[in-house]
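Input: a single structure, listed below in structure tokens.
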2 protein chains.
Amino acid sequence: MSGIHLNDREPTMREVAALAGVSLKTVSRVINQEAGVSSELNERVQNAVRQLNYQPNTTASNLRRADQRTATIGLILDDVSNPFSSVLHRAIEDVASQHRTLVFAGSSGDDPKREEELILALAARRVDGLITVPASRASGELKQLQRLGKPVVFVDRLATIHTADSVTVDNRAGGSAAVRHLAAHGHQRIAFLGDIHDLWTAAERYLGYVEGLAMAGLRLDPSLVRQDVRNMETAEQAVLELLARENAPSALFTAQNLITIGAIHALQRMGRQHQMALIGFDDFLLADLLDPRVSVIAQDPARLGRLAAELLFARLGGDTRPTQQIVLPTRLIARGSGEIPIT
Amino acid sequence: MSGIHLNDREPTMREVAALAGVSLKTVSRVINQEAGVSSELNERVQNAVRQLNYQPNTTASNLRRADQRTATIGLILDDVSNPFSSVLHRAIEDVASQHRTLVFAGSSGDDPKREEELILALAARRVDGLITVPASRASGELKQLQRLGKPVVFVDRLATIHTADSVTVDNRAGGSAAVRHLAAHGHQRIAFLGDIHDLWTAAERYLGYVEGLAMAGLRLDPSLVRQDVRNMETAEQAVLELLARENAPSALFTAQNLITIGAIHALQRMGRQHQMALIGFDDFLLADLLDPRVSVIAQDPARLGRLAAELLFARLGGDTRPTQQIVLPTRLIARGSGEIPIT
DNA sequence: TTGAAAGCGCTACCAA
DNA sequence: TTGGTAGCGCTTTCAA
């Protein structure tokens with residue numbers, strides 16, 4: 001059997017109208033459930049629709065429609081397959097589906113060029129709005145979108161556009177809390193491993209680290225700071241190096257979920273998981289089943305996503321209040337790895 | 001500052017034409033990079049485009065375009081936030097982006113009603129094709145899509161439509177291998193925990209379980225079979241019950257990633273993780289860092305996704321070969337939990 | 001090489 | 001309550 005099928009051409013409203021013996025406009029009324037169609041004509045149209053298997057063409061209706069809505073939004077994540085991002089995605093989808101809206105999802109890979117491409121592609125398809133985890137601090141394309149009246153919501157990370165709603169967590173407080181918690185267990189040499197330093201979250205968590213050290217009265221040792229750690233493998237390598245050096249740290253603050261996991265790989269490989277204290281930013285599946293159980297600064301990605309989507313749809317619904325900058329707290333979950341005392 | 005912005009209205013081709021002092025058609029030629037525009041007019045148009053910040057409207061161009069392409073595909077997963085699904089998603093996105101195509105992603109929640117809604121919503125937006133992890137075995141909407149010439153590719157799971165390409169793994173062989181591996185370590189009472197029994201993968205893995213028992217010369221004990229286990233919590237509960245009964249199993253075959261994780265929760269809670277053998281279907285992050293390390297029947301979701309997307313785009317490129325049913329092998333990764341001998 | 005006119009499938013507006 | 005006509009932003013067709 002062939003993979004490509006009889007190209008029947010999709011039935012149009014005009015064809016439905018012809019079959020039902022009514023005008024085009026009457027079919028339009030029935031499809032859009034407008035009031036003022038007699039139940040008899042309604043019935044006839046419905047029958048014709050069924051008979052022809054008619055599917056309304058949203059893309060055509062949108063063209064003419066006054067509000068120009070496509071019932072479509074864009075979502076730009078760093079990576080749709082990252083566990084944190086994908087939970088965010090699901091929460092947004094759930095809100096969108098309540099508004100009969102479909103979600104274009106894309107991965108920027110934290111690459112400003114790819115991010116720009118995505119924004120342009122979404123704009124070309126006339127999405128009603130955009131939720132984005134911005135990779136770059138400033139984006140002309142984004143401003144362009146806003147100028148056209150499309151609402152933009154930042155989630156998880158901030159950009160320098162201050163005219164958009166945002167939902168983030170208090171990364172700095174979380175980072176600071178992690179460091180102070182480690183310090184409270186006697187640690188003085190606490191290493192920092194963070195994502196690309198240009199990302200807002202990575203920068204904020206680093207600031208939290210710096211603040212936390214200061215509050216604990218500890219000196220910042222630049223040789224214990226590893227920025228631009230971009231994935232699990234790099235993280236594992238970085239921790240192996242830290243472990244190998246003389247004057248090694250006694251505790252790690254890993255500022256992102258995949259970095260934490262890479263670090264655990266390194267610790268287990270060296271059999272040091274019970275000596276080296278560890279707190280990771282972001283909770284993750286199975287953190288509570290590892291040995292030792294992993295202490296984390298937890299966020300609630302589902303809540304972040306839901307709030308971001310609700311903000312977006314509020315704007316689409318006509319909400320013109322001042323832009324909101326929602327900042328959610330983080331929560332330190334002490335499970336064991338963060339409470340390993342200094343030896 | 002207000003959250004909604006000056007509604008500038010998007011510039012149209014007509015406006016670009018007016019500014020450049022050329023006809024609408026000339027602008028169209030430039031935008032679509034058609035041959036036969038003098039470099040002088042080309043330049044003038046480009047300038048006008050930049051000056052007005054013109055963004056082509058794909059949705060309008062599609063309406064008139066002969067091939068009716070929207071450069072958009074649909075992707076229906078069970079849950080975009082499931083680690084397996086989200087890796088599949090990313091692989092598909094990567095192929096799609098090479099074809100300058102955007103992906104609508106949606107979660108069916110393995111609910112046929114929601115799946116149908118999604119298909120209709122995607123059809124209304126005139127996606128060029130659809131990749132789906134089918135929740136239901138048969139779908140009229142899907143056939144409808146195909147009749148309109150839209151290619152459909154099944155991935156991970158099969159449905160009863162045989163006129164579509166598909167990419168799956170040999171679930172039955174994988175299930176059978178898992179059971180025989182456990183039997184080879186002396187186990188005779190091997191429990192099965194599977195997803196909703198109506199799902200193709202769940203059914204196939206169960207058949208593999210049955211076959212494996214038969215090949216190992218073991219009797220199938222229905223009281224050791226738990227089907228319709230729908231999430232981590234249910235799985236944990238089911239394992240707790242199995243552990244509590246007299247004549248408990250000595251080994252578990254957990255036929256899906258979240259079920260495996262739920263089972264591990266239960267085992268650790270009862271301190272039985274070193275007595276009860278366990279093999280899970282699907283590999284997962286951290287399986288190699290747990291204690292014991294978790295043996296799995298691994299698939300390659302990224303490869304599944306890539307192949308599915310390549311098949312779809314081949315069809316969109318005019319490939320009319322007979323439909324393909326690609327079946328990839330699984331791989332048993334012995335890490336420890338599956339090699340715990342009977343006590 | 002360039003442009004004018006028609007029309008993609010639909011909704012808005014107004015008349016019957 | 002119903003329908004005709006115009007037109008959304010673009011591509012197609014054909015003529016200049």
Side-chain angles (χ1 to χ4, degrees), chain A residues 7-45 48-49 52-72 123-128 148-149, chain B residues 7-45 48-49 52-72 123-128 148-149:
Chain A
N7 207 327
D8 263 2
R9 247 218 339 93
E10 344 216 349
T12 66
M13 248 186 199
R14 174 179 256 96
E15 286 160 9
V16 173
L19 180 64
V22 299
S23 80
L24 177 64
K25 179 64 221 190
T26 299
V27 178
S28 170
R29 288 198 179 94
V30 172
I31 296 295
N32 293 295
Q33 310 193 40
E34 284 172 36
V37 180
S38 67
S39 59
E40 197 227 315
L41 285 197
N42 196 333
E43 183 103 347
R44 266 169 42 203
V45 170
V49 163
L52 293 177
N53 249 313
Y54 170 76
Q55 306 261 28
N57 186 333
T58 313
T59 178
S61 91
N62 155 250
L63 193 57
R64 192 60 179 89
R65 203 176 222 100
D67 62 9
Q68 294 276 87
R69 289 287 169 80
T70 53
T72 281
R125 287 165 185 76
R126 298 298 189 264
V127 293
D128 297 335
L148 299 173
Chain B
N7 206 327
D8 263 2
R9 244 209 352 86
E10 344 215 351
T12 67
M13 248 187 199
R14 172 179 256 96
E15 287 160 7
V16 174
L19 181 63
V22 300
S23 81
L24 176 64
K25 177 65 221 188
T26 299
V27 178
S28 171
R29 287 198 178 95
V30 172
I31 296 294
N32 293 296
Q33 311 195 37
E34 283 173 38
V37 179
S38 68
S39 59
E40 198 228 315
L41 286 197
N42 195 338
E43 183 103 349
R44 270 179 24 213
V45 170
V49 163
L52 293 178
N53 248 313
Y54 172 74
Q55 306 262 23
N57 185 335
T58 314
T59 179
S61 91
N62 156 250
L63 193 56
R64 192 62 177 85
R65 208 180 266 293
D67 63 8
Q68 294 277 86
R69 290 286 170 81
T70 53
T72 281
R125 285 163 186 79
R126 297 299 189 264
V127 293
D128 297 335
L148 299 173

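As the structure is a computational prediction, the values presented were derived from the model and not from experiment. Letters A, B, ... mirror the listed sequences (proteins, then strands); counts begin at 1. Quick note: numbers below take in every heavy atom, side chains included, and nothing from hydrogens, waters or symmetry partners.
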Against the side chain of B/Ala60, the closest entry in D/dA6, C/dT2, D/dG9 is D/dG9
Hey, does the side chain of B/Ser38 come within less than 4.0 Å of C/dT2's phosphate (OP1/OP2), counting only N and O?
yes
To the nearest Å, how far apart are B/Tyr54 OH and D/dG9 C1'?
7 Å
Quick one: B/Arg125 CZ to C/dG9 P, roughly how many Å, whole number?
19 Å
Distance check, rounded to the nearest 0.5 Å: A/Thr59 atom OG1 versus B/Asn57 atom CG?
8.0 Å
Take atom CD of B/Glu34 and atom P of C/dG3, then tell me their distance rounded to the nearest Å.
14 Å
Round to a whole Å and report the spacing from CE of B/Met13 to C1' of D/dT12.
13 Å
When rounded to whole Å, the CG to P distance for the pair A/Leu24 and D/dA6 reads 14 Å
Indicate whether any N or O donor in one side chain lies under 3.5 Å from an N or O acceptor in the other, for A/Thr26 and A/Ser23.
yes
Applying a 4.0 Å non-hydrogen cut-off, can you work out what A/Ile31 is touching in the nucleic acid: base, sugar-phosphate, or nothing?
nothing
Taking N and O atoms by type only, does the side chain of B/Arg64 place a donor or acceptor under 3.5 Å from a partner on the base of C/dG7?
yes
Using OP1 and OP2 only, check whether a side-chain N or O of A/Ser23 sits under 4.0 Å from D/dG3.
yes
Spacing of A/Asp67 atom CG relative to C/dC10 atom C1', expressed in whole Å
13 Å
If each of A/Arg29 and A/Ser61 is mapped to the nucleotide of DNA chain C with the nearest heavy atom, which maps nearer the 5' terminus, i.e. the 5' end?
A/Ser61
State which of D/dT11, D/dC14, C/dC13 makes the closest approach to the side chain of B/Asn32.
D/dT11
Kindly say if B/Ser28 contacts the phosphate of D/dC10, meaning a side-chain N or O under 4.0 Å from OP1 or OP2.
no
Looking for any heavy atom pair under 4.0 Å, which part of the strands does B/Asn62 touch: base, sugar-phosphate only, or nothing?
nothing
Rounded to whole angstroms, how far apart are CG on A/Asn57 and P on C/dC8?
13 Å
Can you spot which of B/Thr70, B/Thr58, B/Asn62 makes a side chain to side chain contact (heavy atoms under 4.5 Å, CB included) with A/Arg125?
B/Thr58
Check the distance between D/dC10's P and B/Lys25's NZ and give it to me in whole angstrom.
12 Å
Side-chain touch A/Val22/A/Arg29, heavy atoms, less than 4.5 angstrom:
no
Minimum heavy-atom distance between B/Glu34 and B/Val37, given as atom pair plus value
O-CG2, 4.2 Å
Can a side chain N or O of A/Thr26 be found less than 4.0 Å away from OP1 or OP2 on D/dG3?
yes
